[in-house]
Colleague: 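First, the structure itself, so that you have it in front of you.
Each chain gets a letter, A, B and so on, in the order its sequence line appears, and its residues count up from 1. These values consider heavy atoms only, across backbone and side chains, with no hydrogens, waters or symmetry-generated copies.
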Amino acid sequence: MEAGTPSIHGGVPLAERVREAARSHPARTALAVLALIVLAMIASKGLHDVAQRGLNGLSLGAIYALGAVGLTLVYGILKLVNFAHGDFLTFGAYMAYLVNVTWGLPLVVAIFWAMAMTAVLGIFLEKVMWGPMRARGAGMLQLLLMAIGLALVIRYAIQFVWSTELRQLDVNLTDTVDFLGLTIGRTNLIVIVVGFAVLIGTGLMLRYSLLGKRMRALSDDLDLAETSGIDTSRVILWTWVFAAAFAGLAGVLAGAITQLQPELGFELLLPIFAAVVVGGIGNAYGALAGGILLGVVIEWSTLFIDSRWKTAIGFVVLILVLIIRPQGIFGKAKTI
Amino acid sequence: MADLLVSLPVAVTLESFTNIDFWTGVGIIAGIYTIFTLGLQLNVGFTGIFNFGQAAFMAIGAYSMAILVTEAEMSFWLSLPLSVLITIAFALVVGLPSLRLRTDYFAIATIAAAEAIRLFALNARGLTGGAQGMFGFSDEWDSVAETIEGWIVELGWSEVPTLFPLFLVVWVVALLLTLVLNRVQQTPWGRVLRAVREDEDAARALGKNAFSYKLQSLAIAAALGALSGFFLALNLKFLGPEEFVPIVTFLGYAVLVLGGLANYRGVAVGAIILWTLLEGLRFLELPLSETRITALRFMIVGLILILLMAFRPQGAFGKREEMVLGD
């Protein structure tokens, strides 16, 4: 260090040390920055507004997180950027519509049916498409364009059957719940509770169950996992089951708080990508956190800008993260 | 959604199978997609960068032209080169940070940038007219079109379809660009692009600035996107954000893989095959509603992508050994 730099701790200037700390603890840094932003917002807009918007954002955040965890696991394990993931959400939503509205059964049944059917779709596609393509050593462009083709087939098959007409699940959208001076729609509250219960369950499963550990092992290094005796094709199948079932659930929840139309899932895909990138591609915990964070941030943005711009916030976040820290908040910098 | 596809002037009847107006319309769209996809061919086929934001370049070119003509009251002919420059500037802004990313991240970044542009066009109502769109930018072109029509009538063809002059100009431009790009590909510059595609590190080891070549490739693709945007605007005489949904780029990729990767001449063939197929569906007289027909066409596009990538990834005229198969 030059003699002229005023500093107490071992001669390293403060700015340099802050930068170093930020680099070695990105998650803590992000949290600190977030806390500062929240404090600034509370100071300028008042606690009530910030809390209310944050609460509104949680339901969308739960949906993003559910979509993101599957997308990120599939990417991490199969190196597949699944552009059809959004259309899995749409598929789930319409499966629920079939049970809930066409057959008139309760929503709970519809949710389980939607998750099961989307999981079946996931397994089917792995068996007839992704598995054989991997075995042939298909390149990234091939897989990317197949995923886009698949997205078009699923989306427009749904449009073929159910047309572009807006449809509604049989849910109560008028009742609200009040607590601590905050208001939230009953259905939104259910979405938050269901979403978070499943997300926490997923987090625990990934952390402690043998399957979860195997999934993370595959995501880290597929070849190494295979050498250490893990039955990779089985884990891959389970990954699809989880990714697709959660996508189906996310689709039903999104359908419950908005309306169903064939582009429902595609419109959610880019924010879900944003959540995945924020959390670091391939990192399941990161995707969970990224999804919730993004949902809340998008709602907070409406405190400052016209809400018709809020869809653009997801893209802005995505582009900013890709520029500033493409490995995401929790990711490793190795191969970006 | 899909206004591009329902914008043809002729109703669905069997007579239209021999209707020259109808096929002129189809030809114009195929020509527009040829120019659009030449940019993708340069990026994907020859540089190995997966540009999924081509629709944004088309949008920026078209909107810049329309805004310069209607708001700034600039001459249409002057607005064209200026709009190309604006689009190139945007490509540089997008490319500078994102081209340093790995290919899959770049794909996501470009599609996000394209959607951001579309949302901007939808919401910045003061500038772009929002969902109502923009009109009244084509007067100067219309008088040229009339002159061309006059020439054709003098040659002895009296019933010239209204859009025939546009059809001629689109295809003259598309074929010229194909020839030029084909030529450029054989220059040292073109060979470096292919080296970058095959092995970026090796190209760098030879002292080539791979990043700069990728940026140039993206900028040229953007200029081609802008050109296709001008023709799109002249064809519709209208501009709205719905014309630039991500599916437009996906259709470009379908044209690209149909014609074959790393082959400029294949692009026009791919565009003609795709649009003849999609528009030809009208003559099957299927007992289906308009939404279902639209759905069916896009399902076909999806199936084309899946099946080609599974069984013939190099496309109709592509060279397999020139495909970036690994990652």
Side-chain angles (χ1 to χ4, degrees), chain A residues 75 79-81 83-84 129 132-133 136-165 262-263 266-267 269-271 273-274 276-277 281 306 308-309 311-312 314-320 322-324 326-327 335-336, chain B residues 1 44 48 50 52 94 96-98 100-109 111-117 119-120 122-125 245-247 249-250 253-254 256-257 261 288-289 291-310 313 323-327:
Chain A
Y75 181 85
K79 299 287 167 275
L80 168 69
V81 182
F83 269 103
M129 218 168 119
M133 287 309 287
R136 264 193 256 169
M140 185 190 293
L141 181 64
Q142 266 174 293
L143 296 179
L144 209 57
L145 292 181
M146 283 181 95
I148 286 173
L150 179 63
L152 294 179
V153 172
I154 297 176
R155 190 185 324 157
Y156 288 101
I158 289 170
Q159 176 169 329
F160 191 88
V161 178
W162 284 283
S163 85
T164 47
E165 195 183 311
E263 299 207 359
F266 186 70
E267 283 168 6
L269 182 65
L270 282 174
F273 264 129
V276 166
V277 171
I281 293 193
D306 193 320
R308 70 193 155 104
W309 288 102
T311 5
F315 307 131
V316 174
V317 169
L318 177 59
I319 293 166
L320 282 181
L322 281 173
I323 293 170
I324 300 168
Q327 69 271 39
T335 47
I336 314 298
Chain B
M1 177 68 254
V44 183
F50 301 161
F52 277 91
V94 170
L96 272 174
S98 61
R100 295 187 191 278
L101 301 169
R102 222 171 48 196
T103 42
D104 45 353
Y105 282 59
F106 180 75
I108 299 171
I111 199 173
E115 276 297 85
I117 289 299
L119 286 172
F120 181 80
L122 184 65
N123 288 316
R125 291 172 201 151
V245 286
I247 217 166
T249 305
F250 299 159
Y253 271 86
L256 181 67
V257 296
L261 279 153
L288 296 170
S289 67
T291 19
R292 287 200 159 156
I293 300 267
T294 310
L296 203 59
R297 311 163 103 196
F298 283 116
M299 283 164 74
I300 290 173
V301 175
L303 280 175
I304 288 175
L305 278 172
I306 294 174
L307 294 176
L308 271 176
M309 285 299 103
M323 254 201 92
V324 217
L325 286 174
D327 50 2

Colleague: Relative to chain B, which segment of A:L322 carries a heavy atom at a distance below 4.5 Å: side chain, backbone, both, or neither?
Modeller: both

Colleague: Considering all heavy atoms of both residues, which atom of B:A109 and which atom of B:L101 are nearest to each other, and what is their separation?
Modeller: CB-CD1, 4.4 Å

Colleague: Using heavy-atom distances under 4.5 Å, tell me whether B:V94 contacts chain A through its side chain, its backbone, both, or neither.
Modeller: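 For B:V94, no heavy atom lies under 4.5 Å from chain A.
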
Colleague: Please classify the contact between A:F160 and chain B as side chain, backbone, both or neither, with a heavy-atom cut-off of under 4.5 Å.
Modeller: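 For A:F160, the contact with chain B is made by backbone and side chain together.
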
Colleague: Out of A:A312, A:P262, A:A157, which one racks up the most heavy-atom pairs below 4.5 Å with chain B?
Modeller: A:A157

Colleague: Indicate yes or no: at least one non-hydrogen side-chain atom of A:L141 is less than 4.5 angstrom from one of B:L261.
Modeller: yes

Colleague: Short question: side chain of A:Q159, backbone of A:T164 - any donor-acceptor pair under 3.5 Å?
Modeller: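 Pair absent, no side-chain N/O of A:Q159 close to backbone of A:T164.
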
Colleague: At a heavy-atom separation under 4.5 Å, does B:A254 approach chain A through its side chain, its backbone, both, or neither?
Modeller: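 When you check distances to chain A, no heavy atom of B:A254 falls under 4.5 Å.
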
Colleague: Given heavy-atom pairs under 4.5 angstrom as the criterion, report whether the side chain, backbone, both or neither of A:L150 touches chain B.
Modeller: both

Colleague: Walk me through it: do A:E263 and A:R155 pass the test side-chain contact (heavy atoms from CB on, under 4.5 Å)?
Modeller: CA-CA 7 Å; A:E263 299 207 359; A:R155 190 185 324 157; 4.1 Å; yes

Colleague: If I measure from the heavy atoms of chain A, does B:I300 come under 4.5 Å with its side chain, its backbone, both, or neither?
Modeller: neither

Colleague: For the residue pair B:T103 and B:G48, what are the closest heavy atoms and their distance?
Modeller: CG2-O, 3.7 Å

Colleague: Quick one: CD on B:E115 to CG on A:L318, what's the gap to the nearest 0.5 Å?
Modeller: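 It comes to 11.5 Å.
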
Colleague: Counting heavy-atom pairs under 4.5 Å to chain A, which of B:L296, B:L305, B:N123 comes out on top?
Modeller: B:N123

Colleague: Below 4.5 Å from any heavy atom of chain A, which atoms of B:S98 appear? Answer side chain, backbone, both or neither.
Modeller: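 Neither part.
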
Colleague: Kindly determine whether B:F120 and A:W309 satisfy side-chain contact (heavy atoms from CB on, under 4.5 Å), including the steps that lead there.
Modeller: CA-CA 8 Å; B:F120 181 80; A:W309 288 102; 3.8 Å; yes

Colleague: With a 4.5 angstrom heavy-atom cut-off, is it the side chain or the backbone of A:L145 that approaches chain B, or both, or neither?
Modeller: both

Colleague: With only heavy atoms counted, which part of A:V81 is less than 4.5 Å from chain B, the side chain, the backbone, both or neither?
Modeller: side chain

Colleague: Under the rule for ring pair (Phe, Tyr, Trp, His ring centres under 6.0 Å), what residues qualify as partners of B:Y253, not counting sequence neighbours?
Modeller: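 B:Y253 satisfies ring pair (Phe, Tyr, Trp, His ring centres under 6.0 Å) with B:F52 only.
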
Colleague: Taking side chain as everything from C-beta outward and backbone as N, CA, C, O, which of these in A:V161 sits under 4.5 Å from a heavy atom of chain B? Side chain, backbone, both or neither.
Modeller: backbone

